Amino acid sequence: MINLCRVEEIRAAERAALAAGHTEADLMRAAGRGVAREIERAAGGRAGTVLVLAGPGNNGGDGLVAAAALQERGWRCLIWGYRRTDSGGAPIDAATADQFVWIEPRALAEAARGADVIVDAVFGIGGKDTLPPEVVDAFATVAAVRRERSTPVVALDVPSGVDADSGAVAEGALAADMTVTVGLPKIGLYRAPALRYTGILRLIDIGLPAPDISREAPQLITEQDVRAWLPRRHADTHKREVGTLLVVGGAPTYYGAPRLTAAAGARVGAGLVTLAVPRSLIAPIATALPEVTFLPLPEGEIGGAGARMARMIHEQIDRYQALVVGPGLGQDSPVDEFLNALFRVRTVAAGIGFGASTVAEEAQEFRAQAVLDADALNWLAKQSEWPDRLRSAQLVLTPHPGELSRLLDTEVDEIVADPWSAAREAAERFGQVVVLKHGHTVVASPDGTLLVAPQALPALASAGTGDVLAGMIGGLMAQGVPSREAAAAGVYLGGEAAILAMERVGTLGLVASDLIDALPRALAALYDARWGRIGG
Ligand SMILES: NC(=O)C1=CN([C@@H]2O[C@H](COP(=O)(O)OP(=O)(O)OC[C@H]3O[C@@H](n4cnc5c(N)ncnc54)[C@H](OP(=O)(O)O)[C@@H]3O)[C@@H](O)[C@H]2O)[C@@H](O)CC1
Ligand SMILES: [K+]
């Protein structure tokens, strides 16, 4: 994890780096080259034409270094300057700078149309809360070309006009497809409304010292964290040992949801996934998911089915390391009865007399590890004093703002206005891990930590993506990953899988099954040895 930083902390880190012997030119060189590498990678290694909008300060300097690095790799570089007519202040050799083509304001539209990539390096963390009119005009020109031709826009460090602390956005700012942030993650980029302007976020290391992790600061979930959290599998293990997951959900009209959850659990590495669903759902699900086993539950309409369903699960619960409860359960009365019985855990203590007709029931605490999603959260919101009743369970709740508003008995608007505080409040009040799915999804824990997803992807606004997330988290918990880390890893993997899926199906075309298809590749990139990098 790494703290999301405020500008003053970034400036302090820069001073510390300078005091440790780095020069400003070193930092700018590392920043610009890093940005160029990200652009090259996104462009698939092909060289084209880049248009850099360069401002007067160090952000513009970074942009010119990036242009120089791209030029060395065969790119043609067009530069439009705001209060800048040359590459002064940027550590670039004269021969390279001589080849830059400087663009007059009236030639900007034509230059933008001829560009394969446009870089916004006008203002960075030294920007003010309004943009000058010339910059607003230039951005409007570029935005029109971006819409017309789908030309990618890359923001350097921050989209110009975004306040790196508050996330406020100046009128006329340019939305980017990718923001390459230099050195440390700026907290404002992860807040609304800035998150609508950043596109995909990439963080590049330039050797700045990170501030010490503090529990109060929101922390970014990083690739390194997820690598460290993933379970390690031994050669001499077997499916039950690596993790068993029980997914409880489904109703006659909702069999897609538990199917997605089970598939995600299996794809994230759970050795055995069992679906506890009404009997009639088994045939349609089994054809699509041959790897999954089933615990057939009685159909919901029959009176008393809820309690019988719960009993069947209690009989099996010790065989599973984690549960996911909720996907596609619906909100009918047997569901209430079922979940009341499931979470109150009344076990059969003894059968007395002939035919065991007298049965004593004894209330026990629910102690399992479980992800509660969708209709399980709606049921939970109707219960009183549940945090106390379920205190021995290790739960991960995965609400969207509507579900969290019911759990906290507050308005959705309040949650959307300050999602991080709402998630923290919920985790503290409930004593459980809470994953709030809004913007940059966050994982809040009762110990006060708040882990923030690196991406906020509009492509994920599609039915079933929540079921996939619940399955990934449950699948990781089943493999022994602690609940908070499992939640954070699931959130991270969901973002990476979405980025991979978007390359194939795009933003609008993405559906939840695409995430499951992409998940093995996202996971392999974190888990498996990377022979493919050699010589790359
Ligand atoms: N700190 C670090 O660790 C590292 C930082 N790095 C990079 O440096 C960037 C920060 O650079 P920075 O401090 O030079 O500020 P920057 O954003 O370029 O803007 C300042 C210039 O813009 C001008 N200006 C601003 N707003 C304006 C407006 N509305 N209207 C008009 N003018 C306006 C302002 O003008 P002035 O106020 O001086 O008149 C000044 O000339 C950072 O984002 C990152 O890219 C990395 O290279 C290495 C590590
Ligand atoms: K910028």
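Remember, it's 1-based here, ligands and their atoms both numbered in the order they're listed. Side-chain atoms are counted along with the backbone in the values below, which use heavy atoms only and exclude waters and symmetry mates. No experiment lies behind these values; they were computed from the predicted model shown.
Counting non-hydrogen atoms of neighbouring residues, nucleotides and ligands closer than 6.0 angstrom, the CZ atom of Arg84 exceeds 12 such neighbours.
A donor-acceptor pair is defined here as one N or O able to donate and one able to accept, closer than 3.5 Å; no such pair exists between the side chain of Asp120 and the backbone of Pro159. The main-chain N or O of Ser214 is found under 3.5 Å from a side-chain atom of Gln219 such that the two form a donor-acceptor pair. Judged by distance alone, the side chain of Arg233 and the main-chain N or O of Gly269 form a donor-acceptor pair under 3.5 Å. Put simply, the side chain of Asp517 never gets that close to the backbone of Ala501: no donor and acceptor are under 3.5 Å apart. The closest donor-acceptor contact from the side chain of Asp26 to the backbone of Thr23 lies under 3.5 Å. With hydrogens and angles disregarded, a donor-acceptor distance shorter than 3.5 Å links the side chain of Glu403 to the backbone of His400.
Contact annotation: Gly183 has no heavy atom less than 4.0 Å from any atom of ligand 1. Residue contact annotation: Gly127 has a non-hydrogen atom under 4.0 Å from ligand 1. The closest approach between Val122 and ligand 1 stays at or above 4.0 Å for every heavy atom of the residue.
In terms of protein heavy atoms, atom 36 (P) of ligand 1 is closest to Lys128 NZ, 3.7 Å. In this structure, the protein non-hydrogen atom closest to atom 24 (N) of ligand 1 is Phe123 CE2, 3.2 Å. Looking only at protein heavy atoms, the nearest one to atom 11 (O) of ligand 1 is Asn58 CB, 3.2 Å. The single protein non-hydrogen atom nearest to atom 31 (C) of ligand 1 is Tyr82 OH, 3.5 Å, given as residue, atom name and distance. Nearest non-hydrogen protein atom to atom 41 (O) of ligand 1 is Pro56 CG, 3.4 Å. For atom 42 (C) of ligand 1, the nearest non-hydrogen atom of the protein is Asp157 OD2, 3.1 Å. In this structure, atom 4 (C) of ligand 1 lies nearest to the protein heavy atom Glu14 OE2, 3.8 Å. Scanning the protein heavy atoms around atom 32 (N) of ligand 1, the nearest turns out to be Arg83 NH1, 3.1 Å.
Evaluated by nearest non-hydrogen atom to atom 47 (O) of ligand 1, the leading choice among Leu184, Leu131, Thr130, Asp62 is Asp62. Nearest-residue assignment for atom 18 (O) of ligand 1 (options Asn59, Ile125, Val7, Asp26; heavy-atom criterion): Asn59.
With 3.4 Å as the limit, Gly63 does not count as an N, O or S neighbour of the K ion (ligand 2). Because the distance cut-off is set at 3.4 Å, Phe123 qualifies as a neighbour of the K ion (ligand 2) through one of its N, O or S atoms.
To the nearest 10 degrees, the angle centred on the K ion (ligand 2) between O in Val158 and OD1 in Asn59 reads 140°.
Residue Gly124 places at least one N or O, backbone or side chain, under 3.5 Å from an N or O of ligand 1. Between Met28 and ligand 1, no pair of N/O atoms sits closer than 3.5 Å.
Using a 4.0 Å cut-off between a side-chain N of Lys or Arg and a carboxylate O of Asp or Glu, Arg83 and Glu134 do not qualify as a salt bridge. A salt bridge does not link Glu110 to Arg113: none of the charged nitrogens lies less than 4.0 Å from a carboxylate oxygen.
Numbered from 1 in the order shown, with element, the atoms of ligand 1 that lie under 4.0 Å from a heavy atom of Ile206 read 48 (C), 49 (C). Distances below 4.0 Å separate heavy atoms of Leu208 from the following atoms of ligand 1: 3 (O). Annotation for ligand 1: atoms under 4.0 Å from non-hydrogen atoms of Pro132 are 28 (C), 29 (N), 30 (N), 31 (C). Close contacts between ligand 1 and Arg11 involve ligand atoms 1 (N), 13 (O) [criterion: under 4.0 Å to a heavy atom].
Side chains of Leu208 and Val182 form no contact here, defined as non-hydrogen atoms less than 4.5 Å apart.
The side-chain contact (heavy atoms from CB on, under 4.5 Å) check on Ala168 picks up Asp163, Ser166, with sequence neighbours excluded.
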Check residues 453-464 and write down every donor-acceptor pair under 3.5 Å in which the side-chain atom is one partner and the other belongs to a residue at least two apart or another chain.
unit_1: Gln455; atom_1: OE1; unit_2: Leu201; atom_2: N; d: 2.9
unit_1: Gln455; atom_1: NE2; unit_2: Leu201; atom_2: O; d: 2.9
unit_1: Ser462; atom_1: OG; unit_2: Leu510; atom_2: O; d: 3.4

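In Asp120, the N, O or S atom that comes nearest to the K ion (ligand 2) is O.
Residues Leu184 and Ala13 share a closest heavy-atom pair of CD1-CB, 3.7 Å.
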Checking Arg41 against Glu38 for the salt bridge (Lys or Arg N to Asp or Glu O under 4.0 Å) test, could you report, in this order, the C-alpha distance in whole Å, the side-chain angles of both residues, the deciding distance, and whether it holds? CA-CA 5 Å; Arg41 187 180 307 163; Glu38 289 297 327; 3.6 Å; yes
